[in-house]
Amino acid sequence: MSKKKLVFSGVQPTGNLHLGNYLGALKNFVSLQKKMECIYCVVDLHAITVFQDPNNLHDNVLETTASFLATGLDPNKSIIFNQSSVSGHAELAWILNCVSRIGWLNRMTQFKDKAGTDKEKASVGLYIYPNLMAADILLYQATHVPVGADQKQHLELSRDIAQKFNKDFNCKNFFPLPEPLISKNISRIMSLRDGTKKMSKSEESDFSRINLKDNADEINKKIKKAKSDSDVIPGELKVLEKKPESLNLITIYSELTNSSLEKTISEMAGKEYSHLKKKLAEVLISEITPVGKEIQKLLEDKSHIKNILKKGSEKANIIAEENLKNIREKVGLI
Ligand code: TRP
């Protein structure tokens, strides 16, 4: 087993990445790439656990990859690829389906949320999705996994599966137990319309989120319309915590200016929200619109993006096959 640090993370190809993905995941991916070996995967096999229109899925994989590149992920530093092009993910997922327990999966809160009231109608894939996620990570013997707080339970399951595999097949320390790198921001970037809900691509109103592809005009309009408060900005976090939409605007501003929340609050205390909104729109426009333009530019040459994915898959596949050889051996497969 290799003892070196290795980062793995996956992003579902939704096509429409937003500020929450940017501040919560992508920016962190870029900074990790400077310090460690990293593998970043567009998880198309996860996406199909709920039905995807095939044409959309194809385009969304390319667009998510373009968003990776536009935010600064470098294919010469990190391995960037799409999950379905390395068949080891599906193979290891099957083996881990046989290690993981039904009782464990029954505790997964995301399945309960996503399947809704009629669980009988959810795909089997949606139910065993966390086993595939464990396979993604363990296939590379990854040690560190940057995820949002909503994925913490899935990561704990990955650790349980790794531990049970190591015990069942009598190979102590074979799979390292992956450590979560929980970004504190991902759960804190909230909808611009309802500060108690996460910013999400599935919320109906586009005014609830800043998309990476929004232009300056759209950003201005959305920030102007964002819910805030008629009072002036309070100087205490405790007071702000009772006004989630206002706190969200301040959080976003502090993240984008790389300043602490406390410092931003004291800078803004006593001012009108219109002042904060004006400054926020400015920093958003200067940071987000170049990313959006770069995504559009990259999407003009799809074969270039496909080529990056292909090269990434080749690199990923070498590591995956090497590990799978050992995994098959442990299980006793010929
Ligand atoms: N389940 C994750 C999400 O929805 C995506 C994901 C799939 C992932 N495989 C992974 C994240 C492996 C980290 C590691 O956000």
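Here, residue 1 is the first one in the sequence, and each next residue gets the next number. As the structure is a prediction and not an experimental result, all values here were calculated from the model. Numbering of ligands and ligand atoms starts at 1, following listing order.
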Q: Report the nearest protein non-hydrogen atom to atom 9 (N) of ligand 1: residue, atom name, distance rounded to 0.1 Å.
A: D136 OD2, 2.7 Å
Q) atom 6 (C) of ligand 1: which of A25, G10, S9, P180 has the nearest heavy atom? A) G10
Q: Classify the side-chain pair H275/E272 by whether it contains a donor and acceptor separated by less than 3.5 Å.
A: no
Q: Name the closest protein heavy atom to atom 14 (C) of ligand 1, giving the residue it belongs to and the distance to 0.1 Å.
A: V145 CG1, 3.6 Å
Q: Establish, yes or no, whether the cationic atom of K225 lies under 6.0 Å from the six-membered ring centre of F207 and within 45° of the ring axis.
A: yes
Q. Got a donor-acceptor contact below 3.5 angstrom from the K222 side chain to the R209 backbone?
A. yes
Q. Quick one: which ligand 1 atoms are inside 4.0 Å of a heavy atom on V147?
A. 11 (C), 13 (C)
Q | Any donor-acceptor N or O pair under 3.5 Å, side chains N166, N173 | A | no
Q) Between T143 and L6, is there a donor-acceptor pair closer than 3.5 Å when you use the side chain of the first and the backbone of the second? A) yes
Q: Answer with yes or no whether M133 contacts ligand 1, where contact means a heavy atom under 4.0 Å from a ligand atom.
A: yes
Q | Closest protein heavy atom to atom 4 (O) of ligand 1, given as residue, atom name and distance to 0.1 Å | A | Y129 OH, 2.9 Å
Q: Verify the distance criterion only: is there a donor paired with an acceptor across the side chains of N106 and Y127 at less than 3.5 Å?
A: yes
Q.
Distance check, rounded to the nearest 0.5 Å: L19 atom CG versus L17 atom CG?
A. 11.5 Å
Q: Number the atoms of ligand 1 from 1 as they appear, then name those within less than 4.0 Å of a heavy atom of V43, with their elements.
A: 7 (C), 9 (N)
(Q) On a heavy-atom basis, I'd like to know which of Q110, H46, Q151, Q12 is closest to atom 2 (C) of ligand 1. (A) Q151
Q.
At less than 4.0 angstrom from any non-hydrogen atom of I137, what atoms of ligand 1 do you find?
A. 12 (C), 14 (C)
